[in-house]
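Written below as structure tokens is the structure these notes are about.
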Amino acid sequence: MTTTDTTSQYATRRERTGWYFYDWANSAFQTTVIAVFLGPFLTAVTEVAAGCPLGADECDRDVHPFGITVAAGSYYPYVVSLSVLLTVFVLPVMGAVADRSAHKKRLLAGAAFIGAAATCGFAFVTGERYLLGGLLFLIANISFGASIVVYHSYLPQLSGPDQRDDISSRGWALGYLGGFILLALNLVAVQIFGIEDDDQRTLDIARWSIVSAGVWWAVFTLVPLKFMREYPAVHASTGANVVTDGFRQLGRTIKGMRAYPLTLFFLLAFLVYNDGIQTVINLASQFGSEELGLATNTLIITILVVQLTAFFGALALGRLAARIGARNTVLLSLVLWTAVVIAAYWLPGEAPLPFIALGAAIGIVLGGSQALSRSLFSQLIPKGKEGEYYGFYEISDKGTSWLGPLAFGLVYQITDSYRVGIVALVAFFAVGFVLLMLVPLRRAILAAGNRPPRVL
């Protein structure tokens with residue numbers, strides 16, 4: 001084998017383009033739904049159910065789902081936390097099934113279309129139907145995670161180790177561009193149809209913007225389903241039921257993980273720092289609307305800025321990784337994430353420009369930290385177990401972190417301050433930085449039976 005890999009032995013340019021486009025398709029859910037509209041929307045619906053007037057500046061009342069007392073402002077963070085507790089059971093099994101199935105594309109299609117349908121179901125979340133909104137989010141978010149597990153598992157089959165940082169970064173960059181375009185269209189809708197002093201109209205715009213993300217997700221999922229091919233499973237199912245075999249294989253994988261302690265150590269580091277990243281993404285709009293008193297237009301513009309700078313940031317950090325290594329680039333991004341969270345505490349209320357500027361800083365480091373973490377992890381997975389390992393990886397990936405939202409929700413309920421809650425996230429970046437520093441990556445890659453890239 002030569003020292004330089006060529007992607008031709010793995011996948012064609014057409015297949016890689018198809019793979020990139022699933023980032024384009026699913027990023028609409030991450031940006032339009034989670035990052036902008038869902039937090040304020042579901043919080044507003046919950047506050048109405050709690051008896052607070054629509055558009056009230058403050059709501060100190062509670063809702064009681066299934067007899068449990070929950071502050072209206074804490075409902076959405078708690079639903080996010082519940083979603084990841086459920087994904088703990090779903091995603092690793094999905095990965096095990098994907099590894100043993102010869103029909104990965106069908107699994108990808110099923111998860112994507114179920115998630116898209118649940119997102120479109122928000123058309124019916126009206127009045128006080130906060131429980132329906134929570135249920136639809138659980139279905140959509142779990143399906144989103146399941147589809148991403150299958151999607152990630154293709155990465156080692158697309159290229160050799162020396163190209164994965166670049167390919168992963170391109171996928172993330174295209175995803176940010178797609179998210180930017182849909183969000184820009186929604187911003188136009190807000191400008192045309194939204195009325196600043198009409199709270200019901202604003203809520204309706206948010207609802208239909210969420211639905212648009214479901215339509216976008218479903219339509220553009222057709223591109224990877226058309227362009228990508230099926231790859232034979234390394235450990236094909238020998239039984240009649242691939243799901244049952246997947247459960248059995250998952251049990252064997254969990255036991256066998258002890259043979260790869262360094263891979264698990266990297267996964268632990270990722271789970272910690274990515275928990276902080278995802279919490280910032282998930283709850284930024286709620287922080288901006290509830291704590292800073294910013295209008296929906298400002299939140300949308302900020303996320304547009306994040307998406308645009310993240311497109312360039314993902315490509316730039318991917319190139320930086322080719323020079324200084326992916327791990328060093330991720331560590332640099334964690335230092336910048338810490339600075340961003342600290343700066344958020346001091347943001348003045350009702351001041352759009354500082355919030356937008358902070359969003360630009362987030363975008364620069366966001367894409368690189370996520371794309372390079374994905375490609376780094378691909379180097380540490382034993383061949384044929386990509387889906388299973390990415391199942392565990394995805395538990396704390398896009399929109400499915402739980403400790404961060406739980407900490408944020410608890411701190412808010414105790415202190416009644418979103419600022420204190422956001423600063424609590426510094427611990428996730430600091431601990432994750434130290435853990436990642438301690439991972440001997442080259443030794444971990446060799447232990448997994450893979451060849452290390454030239455620059456690590």
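Position 1 is the first residue of the sequence; numbering continues from there.
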Exercise. Determine the minimum heavy-atom distance between T87 and P92, stating which atoms define it.
Key: O-CD, 3.6 Å
Quiz prompt | Where G134 and V79 come nearest, the two heavy atoms and their spacing | solution = O-CG1, 4.0 Å
Self-check item: Residues forming a ring pair (Phe, Tyr, Trp, His ring centres under 6.0 Å) with F355, sequence neighbours excluded
Solution: none
Quiz item: How would you list, by chain and number, every residue that makes a ring pair (Phe, Tyr, Trp, His ring centres under 6.0 Å) with Y273, sequence neighbours excluded?
Solution: F270
Quiz item: Counting only N and O atoms by type, is there a donor-acceptor contact under 3.5 Å from the side chain of T43 to the main-chain atoms of G39?
Solution: yes
Quiz prompt | Pairwise ring-ring contact (aromatic ring centres under 6.0 Å, His included) hits with a residue in residues 286-326, at least two apart | solution = none
Quiz item: Given K226 and R14, is the side-chain contact (heavy atoms from CB on, under 4.5 Å) satisfied, shown in steps?
Solution: CA-CA 10 Å; K226 175 68 174 179; R14 174 186 171 90; 4.2 Å; yes
Taking side chain as C-beta onward, heavy atoms only, is [X] less than 4.5 Å from [Y]?
X: V90; Y: V93; value: no
X: F29; Y: N141; value: yes
X: L107; Y: M94; value: yes

Exercise. List the steps and the verdict of side-chain contact (heavy atoms from CB on, under 4.5 Å) for L308 and Y176.
Key: CA-CA 7 Å; L308 191 58; Y176 288 126; over 6 Å; no
Practice problem: Run the ring-centre check on Y75 versus Y78 and record whether the distance is less than 6.0 Å. | Solution: no
Self-check item: Ring center gap for W24 and Y20 short of 6.0 angstrom
Solution: no
Quiz item: Going by the side chain to side chain donor-acceptor pair (under 3.5 Å) test, which pairs reach into residues 103-124, not counting sequence neighbours?
Solution: K104-S153
Using 30° and 60° as the class limits, which term best fits the ring planes of [X] and [Y]: parallel, tilted or perpendicular?
X: F144; Y: W217; value: perpendicular
X: Y412; Y: Y418; value: parallel
X: Y393; Y: Y390; value: perpendicular

Once rounded to the nearest 0.5 Å, what's the spacing between atom [atom1] of [X] and atom [atom2] of [Y]?
X: L304; Y: F180; atom1: CG; atom2: CZ; answer: 5.5 Å
X: L317; Y: I364; atom1: CG; atom2: CD1; answer: 9.0 Å
X: S143; Y: N26; atom1: OG; atom2: CG; answer: 12.5 Å
X: I205; Y: L203; atom1: CD1; atom2: CG; answer: 10.0 Å

Self-check item: Derivation of the side-chain contact (heavy atoms from CB on, under 4.5 Å) call for Y76 and V45
Solution: CA-CA 10 Å; Y76 175 62; V45 173; over 6 Å; no
Self-check item: Which residues share a salt bridge (Lys or Arg N to Asp or Glu O under 4.0 Å) with R129, sequence neighbours left out
Solution: none
Practice problem: Go through the steps for T279 and V80 under the test side-chain contact (heavy atoms from CB on, under 4.5 Å), then give the verdict. | Solution: CA-CA 9 Å; T279 304; V80 173; over 6 Å; no
Quiz item: Hey, are T12 and E15 close enough side-chain-wise for a donor-acceptor pair under 3.5 Å?
Solution: yes
Quiz item: Any salt bridge between R201 and D204, counting N to O under 4.0 Å?
Solution: no
Self-check item: Pairs meeting criterion salt bridge (charged side-chain N to carboxylate O under 4.0 Å, His left out) with involvement of residues 170-187, two or more places apart
Solution: D166-R170
